[in-house]
Amino acid sequence: DIYNTFIETGMGKSFDLASHTKTSAKFDHPVIYDKYSDFYYKVLWQDDSLKFREFRLEGKDTTHKRTETINYIVGSGQHTNSHIFNTNGYLHQAPMTFYTQRGQWDLPPGFENGMNTRFNRNIGLECMTCHNGFPQMVEGSENKYSFVANGIDCERCHGPGEAHVKQKQQGVIVDTTKYVDYSIVNPAKLSINLQFDICQRCHVQGNAVLNKGKSFFDFRPGMQLSEVMNVFMPVYKGQEREHIMASHAERLKQSKCFLATSEKIAGNPELAKTLKPFKNALTCVTCHNPHVSVRVTGKDIFNNACKNCHGNAHQTSCTENPVALSKAGNDCVSCHMRKSGAIDIPHVRVTDHYISKPFDAQKINEVKSFLGIACINNPNVDDGTKGRAYINYFEKFAFAKFALDSAKKYFKDDDADDVKNNFDELVHISFLREDYKQIAEYVNAVPDILNQLTKKSYSNEDAWTCYRIGEAYYNLSKPDQALPFYERAVALAPYALDFQNKYGTLLTDLQQNEKAKTVFQFITSQDPKYPQGWCNLGYVTLITRHDTIEARKCYDNALALNPDYEQAVLNQAGLFAYKNEFDKARNVLIKYMKRNPKSEKAKNIYERLSRTD
């Protein structure tokens, strides 16, 4: 019975193969147009395959068309359906989301207002491990998987089940009405904070900063979340009433109802030692049975949770006007946990889990000022983690550069020992500042650093540090010093194709063309929808074999994937010039400059070609 109801919950329906059954979308919609990128998007079914089509028009002519088959749908459909396509195990998000509450298609969150990354947004481990059961990730990649589950499973809340199954098969039975069965995690019997941490693993959305050496695989039910990660949120004066999509646990903990029960338990420690401590507190499962969909949970369940305290002899009942209360159906939640829009996801309305008295919605529009960042799940977070949180804010969320200044305060570089102890973070901050000379100075301060950057991991920490150092030397026009760091980056993370692409580019600059060609062939075999690989393969094919036909195919492949890819346009023009087809070369550049008039590279090449017969 638990299984049969759980698979109908939002968690049970969180992720599945794209099918007519899985989708919640309507398909009689107009075409979506992104005015910033000048791309149109349309969704269609071809037999049982869900397709997304991107195209561009000039007048009535279609000048670009790309169609991708959608492999997975993310989301239960209560709020949204987002979409993922799989290319040889590399997972990317597609640029269309269906918003079920409004019954409309639009660009996904984060793709709006000129930020459309089209088909290039990686589905990394952080995303996958919240929206789904644990996958099997290919180590040394950013977004390549050998296995992907279909939906959040039992083990995400109950932990690994193997020991439990073995004990039961051996006849070891525990009377769970009196005792805890330690062969499996039952969240109902955990301490209140540990129970919250299970929910907060995914229902506290923010800037998740992993502890050193940890990955998003490492949290298990029964652990403190802070053993693996710390989650930060920016704090603004005037934003107290706003909330993001998955902020349920954080908002609940701000409520006076939660704080009152916490004080009660703190004043009577025996309450925390009972078999099911949550019954003496206000936690997520006070209102939500995680095995039953919220859609079929009656309002009485939620309202009774309120009345258990507010309807007894020691608490006053609702003071609302009886007529208004009756009109609201005696529904506590509709007044005290209002639905509103989330500030991070468009076109949705979600229940704010901050239990409060009704407020004036106009106050949401008050002027906001940044106060700093706060760790949601750990009041005693260390300084190093705070510093990494500021780095993440700048890198992931396009924060202002002051975030890097704030980060730097936590990582000293006064002497060689400081640099060695804080090396990864110092390099990261300088890389984001584009201060490549500073990175070179840090490397000089720790002469044997390459011998220390040897660890493979799911987060690719050492590989990223090597890549950033390689990029620094490359930008300082020191290719020989860049080479060993690029080599180490691709050795530690061979399936991170951006690393491979930069490594191949450097090999080309060093005239190691055959070796570079092997790198670009590897990239295009791994992910044939990676346009940079095709562009660079075309170039190295031309200079090594003078094969204009094969080079043209490579450039065409790159431009079919991204018609605005400048380097592929310039290379294609160069190919025509190489063949003495100067009119074709100029036409390629004219067409590109019409859409990108600020391209100095295209202008310069066009001017040179204009002086050529």
Side-chain angles (χ1 to χ4, degrees), residues 1-19 21-24 71-84 86 91 93 97 100 109 123-137 143 145-162 164-165 184-188 190 194-206 208 215-223 225 228-229 231 244-250 283-285 287-297 345 348 350-351 353 377 458:
D1 289 342
I2 287 175
Y3 169 82
N4 287 331
T5 58
F6 176 76
I7 61 173
E8 298 298 325
T9 65
M11 289 184 287
K13 291 187 170 184
S14 61
F15 194 103
D16 207 344
L17 297 172
S19 66
T21 303
K22 170 58 180 169
T23 185
S24 300
N71 301 98
Y72 302 105
I73 295 176
V74 188
S76 66
Q78 183 168 338
H79 298 105
T80 65
N81 277 170
S82 288
H83 303 84
I84 293 173
N86 180 348
L91 300 189
Q93 184 173 357
T97 287
T100 53
I123 300 297
L125 196 56
E126 180 177 4
C127 173
M128 183 63 73
T129 55
C130 264
H131 288 282
N132 201 11
F134 279 168
Q136 292 174 9
M137 190 178 197
N143 64 319
Y145 301 88
S146 57
F147 169 78
V148 176
N150 291 333
I152 294 169
D153 55 26
C154 307
E155 293 190 341
R156 293 305 308 276
C157 295
H158 293 279
E162 183 179 7
H164 181 68
V165 172
I184 192 75
V185 175
N186 182 349
L190 289 175
L194 293 182
Q195 185 189 108
F196 257 111
D197 277 346
I198 294 176
C199 302
Q200 288 184 146
R201 170 61 180 86
C202 296
H203 288 273
V204 165
Q205 183 180 345
S215 83
F216 288 103
F217 282 126
D218 288 329
F219 177 75
R220 293 289 186 273
M223 296 172 64
L225 186 61
V228 176
M229 68 187 77
V231 184
I244 58 177
M245 183 75 169
S247 58
H248 313 85
E250 174 210 2
T283 72
C284 306
V285 297
C287 299
H288 293 284
N289 181 341
H291 301 135
V292 178
S293 171
V294 68
R295 291 178 174 179
V296 299
T297 301
I345 310 290
V348 302
V350 294
T351 299
H353 282 63
N377 66 304
Y458 288 113

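What you see below is based on every heavy atom in this structure, not just the backbone, and it leaves out hydrogens, waters and symmetry mates. Everything numeric in this text was worked out from a predicted model, so none of it was measured.
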Quick one: does [X]'s side chain get under 4.5 Å of [Y]'s, heavy atoms only?
X: M11; Y: D153; answer: no
X: Q136; Y: S146; answer: yes
X: V350; Y: H79; answer: yes

If you measure from [atom1] on [X] to [atom2] on [Y], what distance do you get to the nearest 0.5 Å?
X: L190; Y: T283; atom1: CG; atom2: OG1; result: 10.5 Å
X: C199; Y: L225; atom1: SG; atom2: CG; result: 11.0 Å
X: L125; Y: M137; atom1: CG; atom2: CE; result: 5.0 Å
X: T21; Y: I73; atom1: OG1; atom2: CD1; result: 9.5 Å

Can you sort out the partners of K13 under salt bridge (Lys or Arg N to Asp or Glu O under 4.0 Å), two or more places apart, ordered by chain and number?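 So K13 forms a salt bridge (Lys or Arg N to Asp or Glu O under 4.0 Å) with E8.
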Using ring pair (Phe, Tyr, Trp, His ring centres under 6.0 Å) as the criterion, list what pairs up with F134, not counting sequence neighbours.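 Counting only residues at least two positions away or on another chain, F134 forms a ring pair (Phe, Tyr, Trp, His ring centres under 6.0 Å) with F217.
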Listed by chain and number, what are the side chain to side chain donor-acceptor pair (under 3.5 Å) partners of T97, not counting sequence neighbours?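 Listed in chain order: S82.
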I'd like to know whether H248 forms a side-chain hydrogen bond (donor to acceptor under 3.5 Å, both in side chains) with H203, so could you lay out the CA-CA distance, the side-chain angles of the two residues, the decisive distance to 0.1 Å, and finally the verdict. CA-CA 6 Å; H248 313 85; H203 288 273; 3.2 Å; yes
Check V185, N186, D197, L194 against P221 for a side-chain contact (heavy atoms from CB on, under 4.5 Å) and give me the one that passes.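 Testing P221 for a side-chain contact (heavy atoms from CB on, under 4.5 Å) against V185, N186, D197, L194 leaves exactly one candidate, V185.
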Between Y72 and F15, what is the ring plane arrangement, given parallel below 30°, perpendicular above 60°, and tilted in between?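 Tilted, since the angle between the ring planes falls between 30° and 60°.
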Could you tell me if T9 and R295 have a donor-acceptor pair between their side chains, going purely by distance under 3.5 Å?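 The criterion, which ignores hydrogens and geometry beyond distance, is not satisfied for T9 and R295.
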Indicate, with yes or no, if the rings of Y458 and F216 have centres closer together than 6.0 Å.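 No, ring centres 6.0 Å or more apart.
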